[in-house]
Amino acid sequence: PRWEPRDWRQQLERIREMRRSRDAPVDEMGVEKCYDSSAPPQVMRYQVLLSLMLSSQTKDQVTSAAMLRLRQRGLTVDSILQMDDATLGRLIYPVGFWRNKVKYIKQTTAILKEKYGGDIPRTVEELVQLPGVGPKMAHLAMTIAWDSVSGIAVDTHVHRITNRLKWVKKETKYPEETRVALEDWLPRDLWREINWLLVGFGQQTCLPVNPRCNECLNQDICPAAKR
């Protein structure tokens, strides 16, 4: 029989219950809310990738505001290639590591124009080759931009919470390790939902420091609960 964590279905149901109001920052300002849904598909996909690049180590509120400023300038592959670095930096500031991101965005956009006709790649393997794009971003880009579930997108929230719930056989150190461990047992039809679900839960209840265990419906069946 395949290994699976104790009580995980019940824990999942209770997290869904806690997330029912959909009022976490990720629900209102996450990547799925940052792109122009009325733009042509190719432009939309580019905006999804860009918002993912900006979102790394940055709060959703800050990413959302930066995307809004970029979109007001008409956010396309060509508009970014024509923009000078100083202007791009001014528009995305204060996202985390904004100077590096200016460089990565310019390099990635040039590759997309040259190699992909201005679109974004259709595979995780090609996406992670782009400057400034990691595995989590690639899996989310596949889901949001291409509507294709290629893997579980594991960020710091998903990594932290699944370790607290013991949804990994043994403790994992890095998000990539966590992704492999989760994909080993978690039913594939839950892969898309798990990122959104746990990110919001991590923003509101299962906080990095001082988790709100007394407000959590899982406090009686969570291995990490402060009782």
Under 3.5 Å, is there a donor on one side chain and an acceptor on the other for Gln61 and Ser64?
no
Just checking, Arg2 and Trp185: is the charged tip under 6.0 Å from the six-membered ring centre and within 45° of the axis?
no
Might you confirm whether atom CZ of Arg188 has over 12 heavy atoms from other residues, nucleotides or ligands at distances under 6.0 Å?
yes
Can Arg16 and Glu193 be counted as an ion pair, charged N to O under 4.0 angstrom?
yes
Minimum side-chain heavy-atom gap Val102-Arg99 below 4.5 Å
no
Identify whether Val124 and Val48 are in the same connected component of the hydrophobic contact network (ILVMFWY, side-chain heavy atoms under 4.5 Å).
yes
Met137-Ile152 co-clustered via ILVMFWY side chain contacts under 4.5 Å:
no
Note, Tyr35 side chain near Ile144 side chain (heavy atom, < 4.5 Å):
yes
Student check: side-chain heavy atoms of Leu49 and Val133 closer than 4.5 Å:
yes
Reference residue Thr178; test side-chain hydrogen bond (donor to acceptor under 3.5 Å, both in side chains); the match among Thr172, Asp155, Thr162
Thr172
Do side-chain atoms of Arg19 reach the backbone of Leu197 as a donor and acceptor pair under 3.5 angstrom?
yes
Looking at Asn210, I want to see if its CG is surrounded by more than 12 non-hydrogen atoms of other residues, nucleotides or ligands under 6.0 Å.
no
Is there a path of hydrophobic side-chain contacts, each under 4.5 Å between heavy atoms, that joins Leu52 and Val154?
no
Can you tell if the side chain of Lys101 reaches within under 4.5 Å of the side chain of Leu88, non-hydrogen atoms only?
no
List the residues meeting salt bridge (charged side-chain N to carboxylate O under 4.0 Å, His left out) with Lys106, not counting sequence neighbours, and say none if there are none.
Asp85
Pairwise side-chain contact, Leu130 with Tyr104, heavy-atom cut-off 4.5 Å (strictly under):
no
Is it the case that more than 12 heavy atoms not belonging to Glu32 sit under 6.0 Å from its CD atom?
no
Main-chain N/O of Gly96 paired with Thr58 side-chain donor or acceptor, under 3.5 Å:
yes
Beyond-backbone contact of Asp184 with Val180, side-chain heavy atoms, under 4.5 angstrom
no
Using a cut-off of 6.0 Å, state whether more than 12 heavy atoms not belonging to Arg69 lie near its atom CZ.
yes
Does any non-hydrogen side-chain atom of Asp220 lie less than 4.5 Å from one of Arg14?
yes
Examine the side chains of Asp27 and Trp196 and answer whether a donor and an acceptor come within less than 3.5 Å of each other.
yes
Single-linkage hydrophobic cluster Met142~Leu186, side-chain heavy atoms < 4.5 angstrom:
no
Membership question, hydrophobic clusters at under 4.5 Å side-chain separation (ILVMFWY): are Leu182 and Leu165 in the same one?
yes
Salt bridge (charged side-chain N to carboxylate O under 4.0 Å, His left out) contacts touching residues 44-68 (sequence neighbours left out):
Arg45-Asp119
Arg122 and Glu126 ion-paired at < 4.0 Å:
no
Does a donor on one side chain sit under 3.5 Å from an acceptor on the other, for Asn218 and Gln10?
no
Below 4.5 Å, heavy atoms only, C-beta onward: do Gln47 and Arg71 meet side chain to side chain?
yes
On the ring face of Trp98, is Arg90 found with NZ or CZ under 6.0 Å from the centre and within 45° of the axis?
no
Among side-chain atoms of Asp78 and Thr76, is any donor-acceptor pair under 3.5 angstrom?
no
